[in-house]
Amino acid sequence: MRKRSFLRFGLLGLSLSALLGCAGSLAPVGTPLAEDEPVMVALLVPTGSAEENQEQLGQSLVNAAKLANTDLASLNITLKTYSTAGDQTTAANAANMAVADGADIILGPLFGDATTAVAPIANAKGLKVLSFSNNPQIAGGNTYLLGLTFDSVANRVTRYAAAQGLTRIAIVHPAGLEGEAAKGAVRRAANTANASVVAESSYKLSVEGITEAASGIANQLKASGANAVVLTDGPTGGLPFITESLRGLGVRPNAAQFVGLQRWNTSKEALAQPGLQGGWFAAPDPALRSQFDARYQAEYGSKPHPLSALSYDGMAAIGALIAEARAEKRNDPFSTARLTKSAGFAGVNGVFRFLPNGQNERALAIFEVSLGDARPIDPAPRSFAAPGGS
């Protein structure tokens, strides 16, 4: 499989009134949106390729969107699916077909390169794109990201660490574009959290690369006086090995708190590693997600793909925007002002909001690794008015 420009790091039971509880109010002007006027959502997913995993992911995105649309039945939303095969050319063709079919908004596609192919076609018709990608380089203009971004996670974990008095931050990351993107997110987050980045280190993402770099990284961490070490690698990458190496080289838990930029609880094997015990990471509220997983399983007889919740979230936001515009008798459900309202939206992974730059913020919980498990130590806020959010 060729490399994708999608960074790898990972609402059910709510009534329509609950969805609207996250919607701000705008003064009613413009042409009213009729109560029974259908709204067409074009769903672009990476089906149509020869890659089995991609097919399963694409179908899970479709299923989740249909599940959400069932909850929004009173809004008269027409959901039409288009296959992108995960590539730019097919994605562009899908966008052209969606426009010709009268789409009012585009949900998807998944990969960054496909999104960049879709965005100008949608923009030419004044349509917004809610992409499943988490790549900040493609955000902006008419494109908004649904994927969990490094910036959102970095803000949450860095602010939490600073609130515990851990303001001397070190960043340890794999070499390469993804590692550099993660490092930049931590730098920005530290600046807003009144913390200082006192050390930055990288390693080649291989056993040999980590072995070669670990001693120098450990020495730098100890010399810098860092009291929090943000590790940007993931549990299925080099995270378990680099943490074990650093602890073995004398980077002690009582001197340097390990903090993760990716979800560590996606791997039970990683959570059992001694080097990660006591470490912190951020992730969505598990109770909300478990409700979605259970309902999806009951409806489709299988577990949802971890990314499928993004499709539900996108449809939930679209539904809230349509209902809000109708309540205010306006014909601008997908205006920039509505999409970027500060209150945000309710989703499967908690509340989230789109930012003017096309990225997003998601309310996340803080977890601590203990005895091979992850337990929440600071809950995800239920609104952006609450303290501690992402």
Distance-only check: which donor-acceptor pairs under 3.5 Å involve side-chain atoms of residues 205-214, not counting sequence neighbours?
unit_1, atom_1, unit_2, atom_2, d
S206, OG, G209, N, 2.9
T211, OG1, V207, O, 2.7

### Task
Could I get the full list of side chain to side chain donor-acceptor pair (under 3.5 Å) partners for W280, not counting sequence neighbours?
E368
Do any N or O atoms from the side chain of [X] and from the backbone of [Y] form a donor-acceptor pair under 3.5 angstrom?
| X | Y | result |
| --- | --- | --- |
| D101 | A103 | no |
| E244 | G275 | yes |
| N360 | R353 | no |
| S83 | A85 | no |
| T243 | L239 | yes |
| Q277 | L271 | yes |

### Aromatic plane relationship, F354 with F352 - under 30° parallel, 30 to 60° tilted, over 60° perpendicular
perpendicular
[X]-[Y] side chain donor-acceptor pair, cut-off 3.5 Å:
| X | Y | answer |
| --- | --- | --- |
| S49 | Q54 | yes |
| Y296 | S60 | yes |
| S290 | D293 | no |
| Y160 | D378 | no |

#### Entry: Pairs meeting criterion ring pair (Phe, Tyr, Trp, His ring centres under 6.0 Å) with involvement of residues 68-98, two or more places apart
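Qualifying pairs, neighbours excluded: none.
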Does a salt bridge link [X] with [Y], judged by any charged N lying under 4.0 Å from a carboxylate O?
| X | Y | answer |
| --- | --- | --- |
| E200 | R187 | yes |
| R338 | E328 | yes |
| R295 | D71 | yes |

### Task
Would you mind reporting whether F258 and V251 have side-chain heavy atoms less than 4.5 Å apart?
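They are in side-chain contact.
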### Query
Does some side-chain heavy atom of I169 sit less than 4.5 Å from a side-chain heavy atom of V186?
yes
### Query
D285: what forms a salt bridge (Lys or Arg N to Asp or Glu O under 4.0 Å) with it, not counting sequence neighbours?
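Counting only residues at least two positions away or on another chain, D285 forms a salt bridge (Lys or Arg N to Asp or Glu O under 4.0 Å) with R382.
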### Query
Roughly how far, to the nearest 0.5 Å, is the CD atom of Q220 from the OG atom of S215?
11.5 Å
### Task
State which residues pass side-chain contact (heavy atoms from CB on, under 4.5 Å) with V198; sequence neighbours excluded, sorted by chain then number.
R168, S196, S224, A226
#### Entry: Pi-cation contact, F367 with R375 (under 6.0 Å, within 45°)
no
### Task
Kindly state each residue pair satisfying salt bridge (charged side-chain N to carboxylate O under 4.0 Å, His left out) with at least one member in residues 128-138, sequence neighbours excluded.
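Sorted pair list comes back empty.
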